[in-house]
2 protein chains.
Amino acid sequence: MRLARLDCETFHNTMSKVSESTVRRLSLYLRFLEEFEAHGTQTVSSETLARLGGTTSAQVRKDLSFFGSFGKRGLGYSVSELAERLRDILGLQRSYGVVVVGAGKMGSAMVLHGGFARRGFFVKAAYDVDEHAVGRQLNGVEVRHADQLERDLERESIDIGVIATPPEAAQRIAEQLVQGGIKAILNFAPVRLAVPEGVLVKDVNLSLELEALSYGIRNR
Amino acid sequence: MRLARLDCETFHNTMSKVSESTVRRLSLYLRFLEEFEAHGTQTVSSETLARLGGTTSAQVRKDLSFFGSFGKRGLGYSVSELAERLRDILGLQRSYGVVVVGAGKMGSAMVLHGGFARRGFFVKAAYDVDEHAVGRQLNGVEVRHADQLERDLERESIDIGVIATPPEAAQRIAEQLVQGGIKAILNFAPVRLAVPEGVLVKDVNLSLELEALSYGIRNR
DNA sequence: GGATGTGAATGTCTTCACAGCT
DNA sequence: AGCTGTGAAGACATTCACATCC
């Protein structure tokens, strides 16, 4: 199937059902492509991406095929072109405004983590209720009182909210974020958030990861 | 199928193939069970666990059925008994020694996070190469120089290593951890670690999570 | 009656294998 | 010759539906 340059949208509309694992792998491939770009490598094969990503070449090709055909048979993929395409597919051509609610260990780590801005995710502010936290600067990002969250969201357009509060507070914050027009939430609090359809929630639960390791250790 | 009280091992040996998603859900169910335990609730149905965990009652029953039959038809599951069984299945009856390598934002967050000890994961030490970090105490956990890692691992028995170093350092640390007899690694560094078969690696990559949200936002 | 436990059916993801370009 | 793109096959996971037992 042949595709004109920029009509990925066509695909998104028609075949919106791409698995989460595919999306995660695409992100991974993009990482590797960017390393190749930095190295000046021109061309890459599905086999190479597969080896780096710990998967198979068929998987790589299938993952890409959901969105079009970006390679040249007998040759492989143009590194820069495929990177461009993946950035487009993943929605990384634009940048995203992020707020972090909860400036404890995890929240601060998210704010201070250097890698996000490089990939277009800009943390605009952090919020907390603790007097010691409020008013501090985290690497140029102001920690404000959580009371200001709703008002701030009306002023500045924010796309993604990170919830790193204690579990009791998480649902209320989620509601404020939704109210403020946020489209996606990265949730570190160990609770299932109730949100309206259309709002994305991604849970990160590190205790769960440790327990998966515990299971794995016990069962060889 | 009827099971004697404590022969979960039988199952682990015979049917070692349980999906990662099942294991994660079991961890989740255990969370809810512990809340019910604290509340004094005696009995719980697959339907209730399903609603809390965002899945279906059939899924809950299937997940459990891989390991035995723990419920009473017509009644549901005994909260305390099922919790006990899940702790057994997940290997949470024992405790685990953990070391955190890399005392930056993520590493410190892992050390300082209160929830892990409660679930049997005890951080015994943290390691870094930075002079400012080495020697500090993080909530009672000493930050040592990474040079000491190998020696320390010989002395104290450690089960799980957390890698929160820059990507360049990760592979070498992984090798030291493996050399030191560690059985599982939680890896925050954005690189694929090469480890001998039998060593478990769980990658956590928060940029990837954000990119999955970005994809989701772009595609409704 | 009411909820479990589980084969069978369905659905989803991965791997195979090869036709089709370059 | 080499590597992609993709239907078809196979593996895996979820859901259905009902016999079974408390």
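Quick note: numbers below take in every heavy atom, side chains included, and nothing from hydrogens, waters or symmetry partners. The model shown is predicted, which means the values in this text are computed figures rather than measured ones. Convention: sequence-line order gives letters A, B, ...; per-chain numbering from 1.
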Novice: Is the shortest side-chain N/O distance from B:Arg73 to OP1 or OP2 of D:dT20 below 4.0 Å?
Specialist: no
Novice: With a 4.5 Å limit on heavy-atom distance, are the side chains of A:Val101 and A:Leu149 in contact?
Specialist: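 A:Val101 reaches A:Leu149 side chain to side chain.
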Novice: Tell me whether the NZ or CZ atom of A:Arg94 lies within the 45° cone about the ring axis of A:Tyr96 and under 6.0 Å from its centre.
Specialist: yes
Novice: Check whether more than 12 heavy atoms from other residues, nucleotides or ligands sit under 6.0 Å from atom NZ of B:Lys72, and answer yes or no.
Specialist: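 For B:Lys72, atom NZ is not crowded (no more than 12 foreign heavy atoms under 6.0 Å).
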Novice: Could you please name the option among D:dT6, C:dT4, D:dC3 that lies closest to any side-chain atom of A:Ser45?
Specialist: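 Selected nucleotide (nearest to the side chain): D:dC3.
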Novice: Going by the rule salt bridge (Lys or Arg N to Asp or Glu O under 4.0 Å), which residues pair with A:Lys202 if we only count those two or more places apart in sequence or in a different chain?
Specialist: A:Glu20, B:Glu209
Novice: Treating primed atoms plus P, OP1 and OP2 as sugar-phosphate and everything else as base, which nucleotides of nucleotides 10-15 of chain C get B, S or - for protein heavy atoms under 4.0 Å?
Specialist: ---SSB
Novice: Is the B:Phe70 to B:Tyr77 ring centre distance short of 6.0 Å?
Specialist: no
Novice: If I take atom CD in residue A:Glu47 and atom P in nucleotide D:dT4, what distance separates them, rounded to the nearest angstrom?
Specialist: 9 Å
Novice: Which whole-number value in Å describes the distance from A:Leu75 CG to D:dC3 P?
Specialist: 9 Å
Novice: Grab the CG-C1' distance between B:Leu49 and C:dA3 for me, whole Å please.
Specialist: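 Value for this atom pair: 13 Å.
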Novice: Using whole Å, what does the distance between atom C1' of nucleotide D:dC18 and atom CZ of B:Arg61 come to?
Specialist: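 Taking atom C1' of D:dC18 as the reference, CZ of B:Arg61 is at 11 Å.
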Novice: Base, sugar-phosphate, or nothing for B:Ser46, non-hydrogen atoms under 4.0 angstrom?
Specialist: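 Answer is sugar-phosphate: B:Ser46 comes under 4.0 Å of backbone atoms only.
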Novice: Give the rounded distance in Å between these two atoms: CZ of B:Arg85 and C1' of C:dT4.
Specialist: 15 Å
Novice: Would you say D:dG2 has OP1 or OP2 under 4.0 Å from some side-chain N or O of A:Tyr77?
Specialist: no
Novice: Determine whether the aromatic ring centres of A:His113 and A:Phe116 lie less than 6.0 Å apart.
Specialist: yes
Novice: Between C:dT4 and B:Ser69, is there an OP1 or OP2 to side-chain N/O distance shorter than 4.0 Å?
Specialist: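 Negative; the distance criterion is not met.
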Novice: If you assign A:Gly74 and B:Gly76 each to the DNA chain C nucleotide with the nearest heavy atom, which residue ends up on the more 5' nucleotide?
Specialist: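 Here B:Gly76 is the residue nearer the 5' end.
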Novice: How about A:Arg119 and A:Arg31: do any of their side-chain heavy atoms sit closer than 4.5 Å?
Specialist: yes
Novice: Without decimals, in angstroms, what is the distance between A:Lys72 NZ and D:dA1 P?
Specialist: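 Those two atoms, NZ and P, are 22 Å apart.
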